[in-house]
Amino acid sequence: MQTEETRALIKTYYATLPTGDREKLASLFTEDIVWHPPESAPIEVIKGREAVAAELGGDTPKRIFDMKTFQLKIHRMLADGDTAVVQHSISAKTREGEQYDNEYCWVYQCRDGKIAKIEEYADTHKAARIMKWE
């Protein structure tokens, strides 16, 4: 994919995320998409279009956060060929009422006009402390 195609795809992805439209979200993914959360997070690797759309389209954030307080802010989006890197932050209350503020870097690999791989990087030590992960 060309850089501008990748950038447009990722912009569409981020515009779709807050809508909760899993069908639209799924249409942005390859059939064999893989989402790699940080290794030290208690979240398994998610594989397949429907599973990734369900998790990122609401299941994962709804399990963790009070969605009325959830805010995702994009700081920087870079694209080069079929790869995009997005730095963003999340601010929200956890389901237990703790304030959660963390920085993220997500790396996207795109193929044939769709997202094929997502790698997530975050401060999981901070997340574990706030969310009381063991």
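Sequence positions, counted from 1, serve as the residue numbers for this chain.
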Please report the shortest heavy-atom distance between [X] and [Y], naming the atom on each side.
X   : Y    : answer
L28 : Y13  : CD1-CA, 3.6 Å
I43 : P37  : CG2-CG, 3.5 Å
A26 : E50  : CB-OE2, 4.1 Å
P38 : T124 : CB-CG2, 3.5 Å

query: In terms of hydrophobic clusters joined by side-chain contacts under 4.5 Å, are V107 and V86 together?
result: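 Each belongs to a different hydrophobic cluster.
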query: Should L56 and I90 be regarded as members of a common hydrophobic cluster, given that ILVMFWY residues are connected when their side-chain heavy atoms come within less than 4.5 Å of each other, either directly or indirectly?
result: yes
Heavy-atom check, side chain of [X] versus side chain of [Y], under 4.5 Å:
X    : Y    : answer
Y104 : L72  : no
K11  : M77  : yes
I10  : W106 : no
K117 : W35  : no
R95  : I64  : no

So how far is it from [X] [atom1] to [Y] [atom2], rounded to the nearest 0.5 Å?
X    : Y    : atom1 : atom2 : result
I115 : R49  : CD1   : CZ    : 11.5 Å
L17  : K24  : CG    : NZ    : 12.0 Å
Y100 : K126 : OH    : NZ    : 8.0 Å
I33  : C110 : CD1   : SG    : 9.0 Å

- prompt: Below 4.0 angstrom, N of the basic side chain to O of the carboxylate: do K62 and E55 qualify?
  reply: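 No, K62 and E55 are not salt-bridged.
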- request: Considering only NZ, NE, NH1 and NH2 on the basic side and carboxylate oxygens on the acidic side, decide whether E31 and K114 come within less than 4.0 Å.
  value: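 No, this pair does not count.
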Positive for side chain to side chain donor-acceptor pair (under 3.5 Å) with Q87, one of E103, K73, R76: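 Testing each of E103, K73, R76 against Q87, the sole residue satisfying side chain to side chain donor-acceptor pair (under 3.5 Å) is R76.
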query: What pairs with H75 under ring pair (Phe, Tyr, Trp, His ring centres under 6.0 Å), at least two apart in sequence or on another chain?
result: none
- prompt: Of all residues at least two apart in sequence or in a different chain, which pass the side-chain hydrogen bond (donor to acceptor under 3.5 Å, both in side chains) check with E119?
  reply: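 Residues passing side-chain hydrogen bond (donor to acceptor under 3.5 Å, both in side chains) with E119: Y121.
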field: Partner residues of D32 under the side-chain hydrogen bond (donor to acceptor under 3.5 Å, both in side chains) criterion, sequence neighbours left out
entry: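 Once residues adjacent in sequence are excluded, the partners of D32 under the side-chain hydrogen bond (donor to acceptor under 3.5 Å, both in side chains) criterion are T30, R111.
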- request: Assess whether side-chain hydrogen bond (donor to acceptor under 3.5 Å, both in side chains) is satisfied between T69 and Q99, documenting all intermediate values.
  value: CA-CA 10 Å; T69 67; Q99 182 60 40; over 6 Å; no
- prompt: Is N102 reaching over with its side chain to a backbone N or O of D123, donor-acceptor style, under 3.5 angstrom?
  reply: yes
message: The test is side-chain hydrogen bond (donor to acceptor under 3.5 Å, both in side chains); show your working for T83 and Q109 and say whether it passes.
response: CA-CA 5 Å; T83 303; Q109 292 292 317; 2.9 Å; yes
task: Step through the shown structure and confirm whether more than 12 heavy atoms of other residues, nucleotides or ligands are within 6.0 Å of CD on E44.
output: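 Check fails, neighbour count at 12 or below.
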- prompt: Going through the checks in order, is the side-chain hydrogen bond (donor to acceptor under 3.5 Å, both in side chains) test met by D82 and T6?
  reply: CA-CA 6 Å; D82 64 359; T6 298; over 6 Å; no
